[in-house]
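Every chain is numbered from 1 and lettered A, B, ... according to where its sequence line falls, protein lines coming before strand lines.
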Protein chains: 2
Amino acid sequence: MELTKAQRRLFDAAIEVFAEHGYGGTRTRDIAAKADRSPAAVYVHHSSKEELLFAISERTQRSALAHLQGVYDAHSDPVGRVHAMVMEFSLWHLENIQAARVTQYEMHALTPEHRAVVIAQRREFHRLMRTALEAGIRAGAFEVADLHRTTHSLLALGIDLIRWFDPGVDPDKVSIARHNADLAIRMISSLSPSAAHPGRN
Amino acid sequence: MELTKAQRRLFDAAIEVFAEHGYGGTRTRDIAAKADRSPAAVYVHHSSKEELLFAISERTQRSALAHLQGVYDAHSDPVGRVHAMVMEFSLWHLENIQAARVTQYEMHALTPEHRAVVIAQRREFHRLMRTALEAGIRAGAFEVADLHRTTHSLLALGIDLIRWFDPGVDPDKVSIARHNADLAIRMISSLSPSAAHPGRN
DNA sequence: GTCTATATGTTGATAGAC
DNA sequence: GTCTATCAACATATAGAC
């Protein structure tokens, strides 16, 4: 599962050029050149360009999911946990913006089988966030009209960052992520003033 | 500015295949075939495949912006206006999901000049929503920690729908859009219980 | 405006030496 | 595992008839 140095180099090069020009706009030559390798280098570790895209997408989602699961496990208070999850999910997207863009925007280039794997991973994010939300509802801290849709909206706050984030305009990633988490808590808190301003750590 | 029947046919065909296979995964032959035309048909009205993508993106954003401006103009109450804007923006994305996906996900295939136009249009959405938000803040109905970032989050709720919406799972577009609008109002309302439950029309 | 035919350049992938 | 050389297929765009 661990990548060798040469593999890592090729992987990072592919993420960079896929993010910039899209999957279809990238030639396998571009990837190899970015990694200072010959045009044939891509095919040493990957059977095709599509399989390389899949490897990137699958690894990216697995890493993000492991991160989110870690945050989930580190908290017991339901409000603090959702706050931390939205914040870390947002921050993860800001810090892995290229890989996240490739994963989210190039899905149509995957074979049906590979796409099914990535969509199954996506469902895991939803399941994890929903579980955290349910705990807060049971505790009386949250009031939510529609659990499924609200979960989508919490994830949307983080994922949509990859569409517009521009470090030249607003480079403070941690502050953006915390702002998202604060908005998330307001979205779901029980409608009493005291619950709407939870502690932030 | 109006499209002829043949133009419209080609346009719709292009939106459909770009949305399904991506810009890079689509051949001009696919577009022509979908519109029941010969492979050369694309070049009667468009100088290149890229120019066709640009025409789609520019038209799509212009239509969405006109729609949002109409909703803005139709309201005077700040809370009702933001509620309606988020709802209609969400609904617009659900009803024009293919064109919206092409516009958002294929931007890297545009020339720098064309991309600049689309990004300028994007800023107009932000400006319009921000203006609506400011009116509510001045009226004391909204309390917002960061105007710029909160505006992005309001738009995110609508735009991210195109990523996951699946009519086979939850086909009620109007209800999804209204749910988004309700969440938006909770996100920004002044922290008193009465303000958090605005009328919905 | 629509068609058929095709020129022209490109690209994913492989062969085979080292 | 890495390289150079190259193939076979393909895709954009154009030419020119109707």
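Every residue two or more places apart in sequence or in another chain that forms a side-chain hydrogen bond (donor to acceptor under 3.5 Å, both in side chains) with B/Glu51 is listed here: B/His46. Partners of A/Arg37 under the side-chain hydrogen bond (donor to acceptor under 3.5 Å, both in side chains) rule, at least two apart in sequence or in another chain, do not exist in this structure.
Following rounding to the nearest Å, B/His46 (NE2) and D/dA11 (P) show an atom-to-atom distance of 20 Å. Spacing between atom CZ of B/Arg27 and atom C1' of C/dT11 amounts to 15 Å, rounded to whole angstrom units. Going from atom NZ of B/Lys49 over to atom C1' of D/dT12 covers 8 Å, rounded to whole Å. The separation between B/Tyr43 atom OH and D/dA11 atom P is 12 Å, rounded to whole Å. One can place CG of B/Asp30 at 12 Å from P of D/dC10, the figure rounded to the nearest angstrom.
A/Glu50 and A/Ala109 get closest at one heavy-atom pair: CG-O, 3.5 Å.
For the side-chain hydrogen bond (donor to acceptor under 3.5 Å, both in side chains) condition, the pairs that include at least one residue of residues 94-106 of chain B, sequence neighbours left out, are A/His108-B/Glu106. Listed by first and then second residue, the ring pair (Phe, Tyr, Trp, His ring centres under 6.0 Å) pairs involving residues 15-44 of chain A are A/Phe18-A/Tyr23 (not counting sequence neighbours). Among pairs with a residue in residues 125-135 of chain B, those fulfilling side-chain hydrogen bond (donor to acceptor under 3.5 Å, both in side chains) read B/Glu124-B/Arg127, B/His126-B/Arg130, at least two apart in sequence or across chains. For residues 157-180 of chain B, the ring pair (Phe, Tyr, Trp, His ring centres under 6.0 Å) pairs, not counting sequence neighbours, are A/His152-B/Trp164.
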Please report, to 0.1 Å, the donor-acceptor pairs under 3.5 Å made by any side chain of residues 63-71 of chain B, with sequence neighbours excluded.
{"unit_1": "B/His67", "atom_1": "NE2", "unit_2": "B/Glu88", "atom_2": "OE1", "d": "3.0"}
{"unit_1": "B/Gln69", "atom_1": "NE2", "unit_2": "B/Asp73", "atom_2": "OD1", "d": "3.2"}

Practice task
Spell out protein contact along nucleotides 1-6 of chain D as letters: B when the base is contacted, S when just the sugar-phosphate is, - when no protein heavy atom is under 4.0 Å; keep the 5' to 3' order.
Solution key: SBBB-B

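Looking at residues 7-19 of chain A, you'll see that no heavy atom sits under 4.0 Å from any atom of DNA chain D.
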